[in-house]
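On a predicted model such as this, the values are computed, not experimentally measured, just so you know. The first residue of the sequence shown is numbered 1, and numbering continues consecutively from there.
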Amino acid sequence: MNIDPAIPTIKNPPEQFAGDVWLDPVVMPHTDDQRAVVAKVRFAPHARTAWHSHARGQYLHVTQGVAYFGGRDGSLIEVRAGETLYTPPGEDHFHAAGDAFMEHLAILENGDDPATTTVWKEHVADEHLPGAR
């Protein structure tokens, strides 16, 4: 057994996020045959991801505030603290905060090639966001 050292908080890049979003890695693979990745992700009000998908899907467990998850079909799902959303492999989606800070745990498995675990796409247009309806 071992204790992993704390990893400094990372501010997510503007190519993949709009607004201020911070990530704290929680679980990272120790060996090539391990796939589990868990991160605590904190969104400032109105911050959001770009469209993206995950090779093996993703669980998002909201720990604070209200999260909004959008799909290419125009759906916008509201998820509150204590609830968990699952996105299937390859499904385009985005994560967003409303008028207050939001935090979630992002839980996923690396793909066969960890570099292609998450495929980032274009930024989300304002009409897809909470309050735009």
Using every non-hydrogen atom in the two residues, find where [X] and [Y] come nearest and quote the distance to one decimal.
X	Y	result
Tyr68	Ala97	CD1-C, 4.3 Å
Gly111	Ala55	CA-CB, 4.3 Å
Leu76	Leu129	CD2-C, 4.2 Å
His61	Gly82	CE1-O, 3.5 Å

What pairs of residues pass the salt bridge (Lys or Arg N to Asp or Glu O under 4.0 Å) test when at least one of them lies in residues 12-22, not counting sequence neighbours?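 Listed by first then second residue: Lys11-Asp20.
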
According to the salt bridge (Lys or Arg N to Asp or Glu O under 4.0 Å) rule, which pairs have a member within residues 51-61, sequence neighbours left out? Arg56-Asp112

Within residues 8-37 or reaching into it, pairs that qualify as ring pair (Phe, Tyr, Trp, His ring centres under 6.0 Å) - sequence neighbours excluded: Phe17-Trp120

Using a 4.5 Å cut-off on heavy atoms from C-beta on, say whether the side chain of [Y] contacts that of [X].
X	Y	answer
Arg48	His123	no
Leu23	Thr9	no
Pro45	Asp99	no
Val41	Val21	yes
Phe101	Gln64	yes
Leu60	His95	yes
Thr117	Leu108	yes
Gln16	His52	no

For Thr118 and His54: C-alpha separation, side-chain torsions, deciding distance, then whether side chain to side chain donor-acceptor pair (under 3.5 Å) applies. CA-CA 5 Å; Thr118 301; His54 304 280; 3.0 Å; yes

Start with the C-alpha distance between Tyr59 and Leu85, add both sets of side-chain angles, then the distance that settles side-chain contact (heavy atoms from CB on, under 4.5 Å), and finish with yes or no. CA-CA 6 Å; Tyr59 291 93; Leu85 176 87; over 6 Å; no

Quick check: does any side chain N or O of [X] sit under 3.5 Å from a backbone N or O of [Y], one acting as donor and the other as acceptor?
X	Y	result
His104	Met102	no
Glu91	Pro88	no
Thr63	Glu103	yes

What is the ring orientation for His128 with Trp51, classed by angle as parallel under 30°, tilted 30 to 60°, or perpendicular over 60°? perpendicular

Between atom CG of Leu105 and atom OG1 of Thr84, what is the distance when rounded to the nearest 0.5 Å? 8.5 Å

If I take atom CG from residue Asp24 and atom CD1 from residue Ile10, how far apart are they, to the nearest 0.5 angstrom? 8.0 Å

Heavy atoms of other groups near Asp4 CG, more than 12 under 6.0 Å: yes

Could you check whether atom CZ of Arg72 has more than 12 heavy atoms from other residues, nucleotides or ligands sitting under 6.0 Å from it?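 It does: Arg72 CZ has more than 12 such atoms within range.
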
Would Ser53 and Lys121 count as a side-chain contact (heavy atoms from CB on, under 4.5 Å) if you check the C-alpha gap in whole Å, the side-chain angles of each, and the deciding distance to 0.1 Å? CA-CA 8 Å; Ser53 64; Lys121 301 171 184 173; 3.7 Å; yes

Determine, step by step, whether Glu83 and Val62 satisfy the side-chain contact (heavy atoms from CB on, under 4.5 Å) criterion, reporting the C-alpha distance in whole Å, the side-chain angles of both residues, the deciding distance to 0.1 Å, and the verdict. CA-CA 6 Å; Glu83 297 178 325; Val62 179; 5.7 Å; no

Does the pair Gln58 and His93 meet the rule for a side-chain contact (heavy atoms from CB on, under 4.5 Å), with working shown? CA-CA 11 Å; Gln58 180 182 49; His93 65 284; 3.3 Å; yes

